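See below for the structure under consideration.
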2 protein chains.
Amino acid sequence: MSDLNSDIAIARAAKKKPIKDIAARLGLAEDDIIPYGHDKAKISAPFLSALAGRPDGKLILVTAVNPTPAGEGKTTTTVGLGDGLNAIGKNALICIREASLGPCFGVKGGAAGGGYAQIVPMEDMNLHFTGDFHAITTAHNLLAAMIDNHLYWGNELQIDSRRITWRRVLDMNDRALRHVTTALGGVANGFPCETGFDITVASEVMAVLCLAENLADLEKRLGDIIVAYRRDKTPITARDLKADGAMTVLLKDAIKPNLVQTLENNPAFVHGGPFANIAHGCNSVVATRAALKLADYVVTEAGFGADLGAEKFFNIKCRKAGLKPAAAVVVATVRAMKMNGGVAKSDLGAENVEAVQAGCANLGRHVENVKSFGVPVIVAINHFVNDTEAEIQAVKDYAAGLGTEAILCRHWAEGSSGITDLAEKVVALADGGTADFKPIYPDQMRLFEKIETVVRKIYRGAAVTADQAVLDQLAAWEDAGYGDLPVCMAKTQYSFSTDPTLRGAPDGHIVHVREVRLSAGAGFVVAICGQIMTMPGLPSQPAAEAIYLNGQGEIEGLF
Amino acid sequence: MSDLNSDIAIARAAKKKPIKDIAARLGLAEDDIIPYGHDKAKISAPFLSALAGRPDGKLILVTAVNPTPAGEGKTTTTVGLGDGLNAIGKNALICIREASLGPCFGVKGGAAGGGYAQIVPMEDMNLHFTGDFHAITTAHNLLAAMIDNHLYWGNELQIDSRRITWRRVLDMNDRALRHVTTALGGVANGFPCETGFDITVASEVMAVLCLAENLADLEKRLGDIIVAYRRDKTPITARDLKADGAMTVLLKDAIKPNLVQTLENNPAFVHGGPFANIAHGCNSVVATRAALKLADYVVTEAGFGADLGAEKFFNIKCRKAGLKPAAAVVVATVRAMKMNGGVAKSDLGAENVEAVQAGCANLGRHVENVKSFGVPVIVAINHFVNDTEAEIQAVKDYAAGLGTEAILCRHWAEGSSGITDLAEKVVALADGGTADFKPIYPDQMRLFEKIETVVRKIYRGAAVTADQAVLDQLAAWEDAGYGDLPVCMAKTQYSFSTDPTLRGAPDGHIVHVREVRLSAGAGFVVAICGQIMTMPGLPSQPAAEAIYLNGQGEIEGLF
């Protein structure tokens, strides 16, 4: 593609409307929004409260095959479908997660869609945006400071300093912070601890913000966060430390959904946490619910492949928020199918129908999995310029064999006019009334069995292993009354297994649970599987090295 | 005072005008501002550039005696004087520094003025505001991550990992982070280092932002930052690590001044770093310069006592930015004079003229010091309800004895109508043309001699001590071409000496320089004197414990 058609060039050429005009289309007056510049706004709390009585629109999930270096375009398709629904005369709203700053400076690539299916202002979205993640970082680290401060001033709550589970966070890829010792240097600096930093998106505060129903629920959940244990293993919460009020104050604006627009001037809510590999990774409940009150069709996405994103969207977010998805779209590309079929990235240019057919096993597995939640599925083939007719047909044939339709979409090149076919089919599917959503495990199932259920039914693994300490920990949490929580799996996004190089549709693999973490405020138990890290590192040539402001004050290198 | 007249009650009852109306008064159209909500805005870069040819207004510095637990009201007086100047028909603009989040959760107390002389929205100012400090934190820590990442991937620049001087920062009072070891846990996490975190306001990035002339200068200064040395002691800069471009991108909005308003709807620029005890602590050069183009009188403040704030305002900011202050106000209170005269806080209620007279030595010292920079001085007595006539007269008489006038001001209780007398006198002083500003040491003086000059002339100490390592370090920087930089003193704000309990006007004390840090990007050498910490801790009962949202969604406990 030429420079004139690059994502950044298209985004810069966007004819943005004032955000108050976008808001007006949704029925919001100027006082109902809190502007951040002329092209971003938050929705005011009184307006959100007043929505309660309205009927709900239909919820459509966009998910994808496992990501490959070839690119799949899940966000691009989410944005494209939203534009497409509006183009065919439907009242549709897009709901996606925010971008994390950390990865922007690591591996090049933004999180606002691509081509003619983008959300703008994309530079802001990939930088500080409206400050939500900074607020989460601050609230999280305030709690950490209050724990150490409590120890310093006499430890009235009798915190066992060896059993502090609350780490710190930064929205940065910084491997050196994964494992640190703090409070060195003498009496004035406190009691030395072994601890570490996670990236902000992995913070329980992020999950709490994304799952909270409103400010009161936010404060309650923040108070429920367990930060440490006493010698007798009884828990200490953020409420015990009196941190919940101040944390809520820090998050009072962050909980309000952010309104922006697509290149075609359609509204989009961009709110909440990404990283479905280490977090639950969905748009916030507050934003999704508000969108359902404001539109007839709400298109939302769940990160990475459906094994992580959709599974957690269904088993955690929909279960807890009482959401009932009406339809799902699984995004695939010919190129990704080829890579799943064993082709190297350098050979993607050559037609290879057999590889496409072989790689479709990955797509098929995801389609089956999504259907197992009772949600009807359609496949979107996100078109790339070098895809051949035969390759495209191979994907369509494979989908048909699964009893599912695969629709070729050209939104990247053409915007909404390239995706009206999918939009029509999605409307038919969502309006068809065939959805009968239910999570794949019940609340009352034991925690380890929930992990096993996800591994067996979704990952198609043969078994789950874990050290006795992990099993004992899960049992202890069950005894303490946390047995009815869902599990939030942390696993590589590149494979159904825990081996990132194992593409396609592997089965019979063993999934090792390395560590479990209780998120009593968010309301789930995190199971960290395989080598996945909750603090990424930067690559040998970080994208940051090539990011700068050009002579026109425009940002170069962010995409 | 009753709850109805508390700072927070007054601030909540404020009749704020839309920020676009405040901007319009300064000649800014809606497109010239970037709104953050309806009551905050940043000034656009094109508007700032277009100001270049205009004449400058007069710059008035508000500084104070050494702070005591009695309260002095420097910010309150700065705001009051700005309102007072507008009330007498002058076109005046207020320029103050932003508030740091960290202390808000430590010792109760905001940073937006008090009584009827406040800047609003004060809650936002004391929380995330427009995100400037979060941007600084991120830019600073990106550089830190890129240093460790460079080591990890082969260390092409040959950084000596024992000589990394760049620490990390958080806008949080967290003593446990003062001294940490990072990159523990094995090969995948990098090379272990001893390091630590400072509070964000102490970041060199904060100083760079506050001293930069524009975006291009910002990028150049960021590139000049020295982060480490090789084994042969040659320096490694942020530019060597290719971090300067991305850091500039992160700061592109933070460098734009923030516009808010006083309770009387007069405009105020709130921009840049506080903490004149560990940083240079002034409003940004960009904001101050823009204000001088937009108003006939610009009232700005310099933090804590004049020994720290005014000294650095003159020797660093005015020297480097070519600013020529026309007049200075030293704020004093009867209560602070009493405490400087030896009275305990619990005894402040009783009249004690002798103590006031004794304590005035502190005021006198500051007045002399400010005059030594060639700037004419007037004293503002910030009135408290229990001050007696005799006590007030004692301060007035003392000031008269110095050849200076002391004016009683009732802005806290009465707003602008209580401070018109001071406003008239300040105009006369500034218009009188008696100012002849010059720094108290020349660029070419040796670094240690500059420290000695400040200690001798401003602190009235007898001598400066330092370990040979510190002296060698200063000499090495001189050899490397940094000898012409000014010094940025880090010292307790409570005394002219390094002993925070030594009130009044001590002399003959010894000042020990514990550590020196080169800020090659900001353009100064930091001299850390005595026990002052660059990362504060929280008190035994942090203010955070009492901060919460009440049933009306209002913040309680922040003031």
Side-chain angles (χ1 to χ4, degrees), chain A residues 34-38 45 101 105 127-128 131 134-135 137-138 141-142 144-146 148-149 152-154 170-185 188-190 193 215 219 242-243 245-246 248-250 252-253 537-538 540 542 544-549 553 555 557-558, chain B residues 31 34-38 45 101 105 127-128 131 134-135 138 141-142 144-146 148-149 152-154 170-185 188-190 193 215 219 242-243 245-246 248-250 252-253 537-538 540 542 544-549 553 555 557-558:
Chain A
I34 301 136
Y36 284 69
H38 301 285
L101 257 171
F105 299 111
L127 292 170
H128 308 292
H134 292 317
T137 302
T138 305
N141 292 334
L142 172 63
M146 288 177 79
D148 278 303
N149 193 56
Y152 182 84
W153 289 104
L170 273 187
D171 195 9
M172 187 63 64
N173 286 16
D174 191 348
R175 68 173 64 75
L177 293 177
R178 285 175 189 153
H179 192 157
V180 306
T181 50
T182 55
L184 304 174
N189 298 346
C193 285
L215 262 180
E219 183 163 33
K242 303 191 181 113
T248 305
V249 166
L250 282 167
K252 74 179 173 57
D253 295 318
L538 291 170
S540 58
E545 293 182 358
I547 294 174
Y548 65 98
L549 284 181
I555 300 170
L558 199 58
Chain B
D31 278 351
I34 302 137
Y36 284 70
H38 300 284
L101 257 171
F105 299 111
L127 293 169
H128 308 293
H134 292 318
T138 305
N141 292 333
L142 172 63
M146 289 176 80
D148 278 303
N149 193 57
Y152 182 85
W153 289 105
L170 274 187
D171 194 8
M172 187 65 63
N173 286 16
D174 190 348
R175 68 172 66 74
L177 293 178
R178 284 175 190 154
H179 192 157
V180 307
T181 51
T182 55
L184 304 174
N189 299 345
C193 285
L215 263 179
E219 183 163 33
K242 302 190 181 118
T248 305
V249 166
L250 282 166
K252 75 180 172 58
D253 295 319
L538 292 169
S540 58
E545 293 183 357
I547 293 175
Y548 66 98
L549 284 182
I555 300 171
L558 199 57

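Proteins come first, then strands; the chains are lettered A, B, ... in the order of their sequence lines, and each starts at number 1. Here the structure is a predicted model, which is why all the values come from computation and not from measurement.
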Checklist entry - Between Asn189(B) and Arg178(A), does any side-chain donor sit less than 3.5 Å from a side-chain acceptor? => result yes
Checklist outcome for this item: Counting heavy-atom pairs under 4.5 Å with chain B, the top scorer among Asp171(A), Leu101(A), Asp174(A) is Asp174(A)
Checklist entry - Measuring heavy-atom distances to chain A, does Phe105(B) have an atom under 4.5 Å in its side chain, in its backbone, in both, or in neither? => result side chain
Checklist outcome for this item: Max heavy-atom pairs within cutoff under 4.5 Å with chain A, candidates Ala144(B), Gly37(B), Gly190(B), goes to Gly37(B)
Item to check | Part of Leu549(A) within contact of chain B (heavy atom distance under 4.5 Å) | outcome: both
Item to check | Interface residue of largest heavy-atom contact number with chain A, from Ala188(B), Gly131(B), Ala45(B), Ala546(B), under 4.5 Å | outcome: Ala188(B)
Checklist entry - Can you tell if the side chain of Thr248(A) reaches within under 4.5 Å of the side chain of Ile547(B), non-hydrogen atoms only? => result no
Checklist entry - Using non-hydrogen atoms only, which part of Leu215(B) is less than 4.5 Å away from chain A: side chain, backbone, both, or neither? => result side chain
Checklist outcome for this item: Given Gly154(B), Ala135(B), Pro542(B), the one with more heavy-atom pairs under 4.5 angstrom with chain A than any other is Ala135(B)
Checklist outcome for this item: Residue from Ala183(B), Gly245(B), Ala176(B) scoring the most non-hydrogen pairs under 4.5 Å with chain A is Ala176(B)
Item to check | Flag side-chain contact, heavy atom, 4.5 Å: His134(A) against Thr138(B) | outcome: yes
Item to check | Among Lys242(A), Glu219(A), His179(A), residue most engaged with chain B (heavy-atom pairs, under 4.5 Å) | outcome: His179(A)
Checklist outcome for this item: Whatever's closer than 4.5 Å to a heavy atom in chain B on Ala243(A) counts as neither
Item to check | Atom group of His128(A) that falls short of 4.5 Å from chain B, counting heavy atoms | outcome: side chain
Next on the checklist: Using every non-hydrogen atom in the two residues, find where Asn149(A) and Arg175(B) come nearest and quote the distance to one decimal.
Outcome noted: OD1-NH1, 2.6 Å
Checklist entry - Is the shortest heavy-atom distance from the side chain of Met172(A) to the side chain of Leu538(A) under 4.5 Å? => result no
Next on the checklist: For chain B, which candidate among Asp253(A), Leu127(A), Asp148(A), Leu177(A) shows the most heavy-atom pairs at distances under 4.5 Å?
Outcome noted: Leu177(A)
Next on the checklist: For Leu170(A), which atoms come within 4.5 Å of any heavy atom of chain B: side chain, backbone, both, or neither?
Outcome noted: side chain
Checklist outcome for this item: One should read off an interatomic distance between Glu545(A) CD and Met146(B) CE, to the nearest 0.5 angstrom, of 5.0 Å
